[in-house]
A.B. asks: 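Here's a structure for you.
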There are 2 protein chains.
Amino acid sequence: MQTMADECACEVLEVVPLVMRAIRSEMRSHRTPELSVPQFRALAFLGRHEGASLSDVAEHVGLTPPSMSKMVEGLVVRDLVVRQVSPSDRRRVTLTLTARGKSILESAHQGTVAHLTEKLAALSPEERATIVQAMQALRRAFASAKEANTGIVR
Amino acid sequence: MQTMADECACEVLEVVPLVMRAIRSEMRSHRTPELSVPQFRALAFLGRHEGASLSDVAEHVGLTPPSMSKMVEGLVVRDLVVRQVSPSDRRRVTLTLTARGKSILESAHQGTVAHLTEKLAALSPEERATIVQAMQALRRAFASAKEANTGIVR
DNA sequence: TATTGTTATACTCTATAACTATA
DNA sequence: TATAGTTATAGAGTATAACAATA
């Protein structure tokens, strides 16, 4: 069903940047502590993977190690993340959220979800259910092989 | 159904950045003529609205006029866009795609759709149909009142 | 005076290349 | 030699403020 896959791709290409723009602008607004989307994603990853290394986070967020090193430096200065040398392999660093980091991650998440929820309230319950299903499918299609190894064939 | 709207927002917040990353990386790859996502969106808008002013494009893409002015300067230098003073109101500029601009817009669109299609091929036809429906709903929820039609003409 | 666009300036984000420390 | 991370440097991309031209 090649036509359908193409149509689907076109729709995704048109709509995803639109939604992304809303997410970014909310994330950077002053209603919520100011975080860029990659910063938010890095904090969220650390929330789920306590003690991850710099490379782990870089790979998940999709940045090069130097860029991530710089981002982490900023997060450490802002007291959102603790960076420690790993005892077992002194080349590695171990990253964890501070209490403040956890709290700010949570606020940013809440604020953004609230804003999206407001927009989604214009839709019907059935449409929202469809969106949930679609997001789950897209997650399987686009998740990196490492983090969520589902049925992605090559 | 507040819970559902919240769940829906959470899913969107997790998955949309993931898909966006794939779109961006394809857009900037060398398979397709290198364009940033905002550049692509500006060209696509000009494809649909020939002779639009700088402010029109800035508003659609979501940039300030100075930023758009700079972007347009780059597109003019790359021979993708023509910038002319409007005869009726000499403060305005009239922007149009060059033949090269049209062709590069089309290549970028094709290349990105092909890449997305490849990823979506891992899903079932039913799942793709669900995604199409979800995208249509999201478009309604997030499109600016002014320009509901964000599509590319194919 | 108000509007349209540009210039000047500064800051964030990202990359590549070269380096340090450790294994 | 290979790996993990950092530093140095450069280039987009974006914003705000100030300006010029036109209405």
Side-chain angles (χ1 to χ4, degrees), chain A residues 17 20-21 23-30 33-43 46 49 51-78 80-96, chain B residues 17 20-30 33-43 46 49 51-78 80-96 108:
Chain A
M20 194 62 196
R21 191 179 139 192
I23 291 175
R24 186 174 297 119
S25 88
E26 171 62 24
M27 209 78 92
R28 310 210 63 145
S29 81
H30 295 297
E34 218 170 303
L35 290 176
S36 71
V37 172
Q39 284 168 346
F40 174 82
R41 278 166 57 74
L43 293 183
L46 289 176
H49 300 86
S53 73
L54 188 136
S55 314
D56 294 338
V57 187
E59 164 147 13
H60 174 261
V61 176
L63 292 181
T64 58
S67 297
M68 184 49 73
S69 179
K70 207 168 168 186
M71 182 201 285
V72 166
E73 173 62 24
L75 297 173
V76 167
V77 166
R78 286 168 74 184
L80 305 181
V81 164
V82 173
R83 177 176 41 185
Q84 290 169 303
V85 172
S86 160
S88 59
D89 181 343
R90 295 168 43 73
R91 291 172 306 182
R92 290 191 153 244
V93 296
T94 293
L95 302 171
T96 45
Chain B
M20 194 62 197
R21 189 179 141 193
I23 291 175
R24 186 174 297 119
S25 90
E26 171 61 25
M27 209 78 93
R28 311 211 61 146
S29 81
H30 296 297
E34 222 171 298
L35 289 176
S36 70
V37 172
Q39 285 167 347
F40 173 81
R41 278 165 58 73
L43 294 183
L46 289 177
H49 299 87
S53 74
L54 187 136
S55 313
D56 294 339
V57 187
E59 164 148 11
H60 174 260
V61 176
L63 292 181
T64 59
S67 298
M68 185 50 72
S69 179
K70 204 170 167 185
M71 182 202 284
V72 166
E73 174 62 24
L75 297 173
V76 167
V77 165
R78 286 167 75 184
L80 305 181
V81 164
V82 173
R83 177 176 40 186
Q84 289 169 304
V85 171
S86 161
S88 60
D89 180 344
R90 295 169 42 73
R91 291 171 305 181
R92 289 191 153 244
V93 295
T94 292
L95 302 170
T96 46

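Proteins get letters first, then strands, A, B, ... in listed order; numbering begins at 1 in each.
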A.B. asks: With DNA chain C as reference, determine whether Leu35(A) or Pro66(A) sits nearer its 5' end, using the nearest nucleotide of each.
C.D. replies: Leu35(A)
A.B. asks: Can you tell me if Ser67(A) touches the phosphate of dC13(C), counting only side-chain N or O atoms and a distance under 4.0 Å to OP1 or OP2?
C.D. replies: no
A.B. asks: Quick one: CG on Leu46(B) to NE2 on His60(B), what's the gap to the nearest 0.5 Å?
C.D. replies: 10.0 Å
A.B. asks: Restricting to non-hydrogen atoms, name the atom on Pro87(A) and the atom on Arg90(A) that form the minimum distance, rounded to 0.1 Å.
C.D. replies: O-CG, 4.2 Å
A.B. asks: Once rounded to the nearest 0.5 Å, what's the spacing between atom CE of Met27(A) and atom CE of Met20(A)?
C.D. replies: 7.0 Å
A.B. asks: Roughly, in whole Å, what's the span from CE in Met20(B) to P in dT14(C)?
C.D. replies: 13 Å
A.B. asks: Roughly how far, to the nearest 0.5 Å, is the CG atom of Leu54(A) from the CD atom of Glu73(A)?
C.D. replies: 11.0 Å
A.B. asks: What heavy-atom pair brings Glu34(A) and Arg28(A) nearest, and what distance separates the two atoms?
C.D. replies: CG-O, 3.3 Å
A.B. asks: Check the distance between dG5(C)'s C1' and Asp56(B)'s CG and give it to me in whole angstrom.
C.D. replies: 13 Å
A.B. asks: Have a look at Glu34(B) and say if it touches a base, only the backbone sugar-phosphate, or nothing, with a 4.0 Å heavy-atom cut-off.
C.D. replies: nothing
A.B. asks: What residues, two or more places apart in sequence or in another chain, satisfy side-chain contact (heavy atoms from CB on, under 4.5 Å) together with Val61(A)?
C.D. replies: Pro38(A), Arg41(A), Ala42(A), Val57(A), Leu63(A), Met68(A)
A.B. asks: Not counting sequence neighbours, which residues clear side-chain contact (heavy atoms from CB on, under 4.5 Å) with Arg78(A)? List them please.
C.D. replies: Leu35(A), Gln39(A), Leu80(A)
A.B. asks: Looking for any heavy atom pair under 4.0 Å, which part of the strands does Arg28(B) touch: base, sugar-phosphate only, or nothing?
C.D. replies: sugar-phosphate
A.B. asks: What are the two closest non-hydrogen atoms of Thr94(A) and Gly51(A), and how far apart are they?
C.D. replies: CG2-CA, 3.5 Å
A.B. asks: Of all nucleotides in DNA chain D that come within under 4.0 Å of a heavy atom of chain B, which is furthest toward the 5' end and which toward the 3' end?
C.D. replies: dG13(D) to dA23(D)
A.B. asks: Grab the CG-P distance between Leu63(B) and dG5(C) for me, whole Å please.
C.D. replies: 14 Å
A.B. asks: Quickly work out the Arg24(B) CZ to dA15(C) C1' distance and round it to whole Å.
C.D. replies: 15 Å
A.B. asks: Does any residue of residues 68-76 of chain A have a heavy atom under 4.0 Å from DNA chain D, and if so, which ones, in number order?
C.D. replies: Ser69(A)
A.B. asks: Applying side-chain hydrogen bond (donor to acceptor under 3.5 Å, both in side chains), can you list everything that pairs with Arg92(A), at least two apart in sequence or on another chain?
C.D. replies: Ser53(A)
A.B. asks: Short of 4.0 Å, heavy atom to strand atom, which residues of residues 80-96 of chain A count as contacting DNA chain D?
C.D. replies: Arg83(A), Arg91(A), Arg92(A), Val93(A)
